[in-house]
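On a predicted model such as this, the values are computed, not experimentally measured, just so you know. Here is the naming used below: chain letters follow the sequence lines, and residue numbers restart at 1 for every chain.
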Number of protein chains: 2
Amino acid sequence: MNYSINEVANKFDLSVHTLRFYDKEGLMPFIGRDKSGNRVFTDTDLNWVAMVCCLKDTGMSIKEIKQYADWCMEGMQTIDERKEMLAAHRKQVLKQIENLKKNIELIDSKIAVYDNPELAQKLYGSLDKQQ
Amino acid sequence: MNYSINEVANKFDLSVHTLRFYDKEGLMPFIGRDKSGNRVFTDTDLNWVAMVCCLKDTGMSIKEIKQYADWCMEGMQTIDERKEMLAAHRKQVLKQIENLKKNIELIDSKIAVYDNPELAQKLYGSLDKQQ
DNA sequence: ATAGAGCTTCGAGTTAACTCTAGGTCAAGG
DNA sequence: CCTTGACCTAGAGTTAACTCGAAGCTCTAT
């Protein structure tokens, strides 16, 4: 099955601008063209776009994603680099999750104070504007 | 206990530039000054800075954090708005965590393919560059 | 009294990641 | 044949969040 840039944009909730921008930045070196020069996305390409979105949504920069794409283009001899990059990124994403969880605790304690203002006395000694 | 802008910057791993920028943007309307005009942070102020960092690190924009700070300045009659904002933000952070978890699964499956290239055959029918 | 450290403001510059515009090609339908 | 719509490129513009530089106070120690 083949897809136009518009269809891909809709599927991934990106703008066509963004997809072309990613292509221009070298994040999609595999995408083919039809006889009149329009991009043609295959199902395999959709998997690739999904991976790019995954990396982007987990905070990887476009520069790094391009490095990954470049390694993919170089073939099998870069498997180790790619694996290492993904492993490091995975670690970094776990850290993000831990951070978010820790921050939710603070948000929760703030909400608790708003729900029960007497708490503020205990927690802070007083309830001034900053609480 | 009082702290200089430098001490606060070190404590929170921010630059003094960033702290002044936050102040200029209205994120820290409580911070006092000494007789020569220098910012003086109290322990209560540190709690506030921690909250600002928490909101920032969980993806809240400076504009929104400013709204929160403004409401704090207005006093008790904005408790409901603040509580609602934090509750909505909390929900949004949970969504982020879920998203990251989902994305880690894709990263893991990719790593698994690199660890065991035969998998690719099963998953994709072939192991081309894009995998 | 003067040098240096540490603070101040103001405003300009940077970076990442889009986002948009202008002007153009191409294929299908009326 | 001509219009319409979907695509194309190149390059300019935008936005958020810093980041930095210049010029100038003020306190402390030599």
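In this entry the distance linking CD of E25(B) with C1' of dA17(D) reads 9 Å, nearest Å. At whole-Å resolution of the value, CG in L14(A) and P in dC20(C) are 14 Å apart. Between the CZ atom of F21(B) and the C1' atom of dG21(D) there is a distance of 17 Å, rounded to whole Å. Distance K66(B) NZ to dA16(D) P: 15 Å, rounded to the nearest Å. Distance I5(B) CD1 to dG6(C) C1': 11 Å, rounded to the nearest Å.
Remark: S4(B) is in phosphate contact with dC7(C), judged by side-chain N or O atoms under 4.0 Å from OP1 or OP2. Remark: N6(A) is in phosphate contact with dC7(D), judged by side-chain N or O atoms under 4.0 Å from OP1 or OP2. When the side-chain nitrogen and oxygen atoms of R20(A) are compared with OP1 and OP2 of dT21(C), none of them lie within a distance under 4.0 Å. Y22(A) has no side-chain polar atom (N or O) that falls below the 4.0 Å cut-off from OP1 or OP2 of dA17(C).
Looking at heavy-atom distances under 4.0 Å, S15(A) makes no contact with the nucleic acid at all. Contacts of K24(A) with the nucleic acid, taken as non-hydrogen atoms under 4.0 Å apart, include base atoms. Residue R39(A) is classed as a sugar-phosphate contact, given heavy-atom separations below 4.0 Å to backbone atoms only.
Sparse packing is recorded around CG of D13(A), with 12 or fewer heavy atoms of other residues, nucleotides or ligands lying under 6.0 Å away.
The aromatic rings of Y114(B) and Y68(A) lie perpendicular to each other, with more than 60° between the two planes, well past the 30° mark.
Side-chain atoms of N103(A) come within 3.5 Å of backbone atoms of N99(A) as a donor-acceptor pair (strictly under, hydrogens ignored).
Using modelled atom types and a 3.5 Å distance limit, the side chains of N47(A) and T44(A) yield no donor-acceptor pair.
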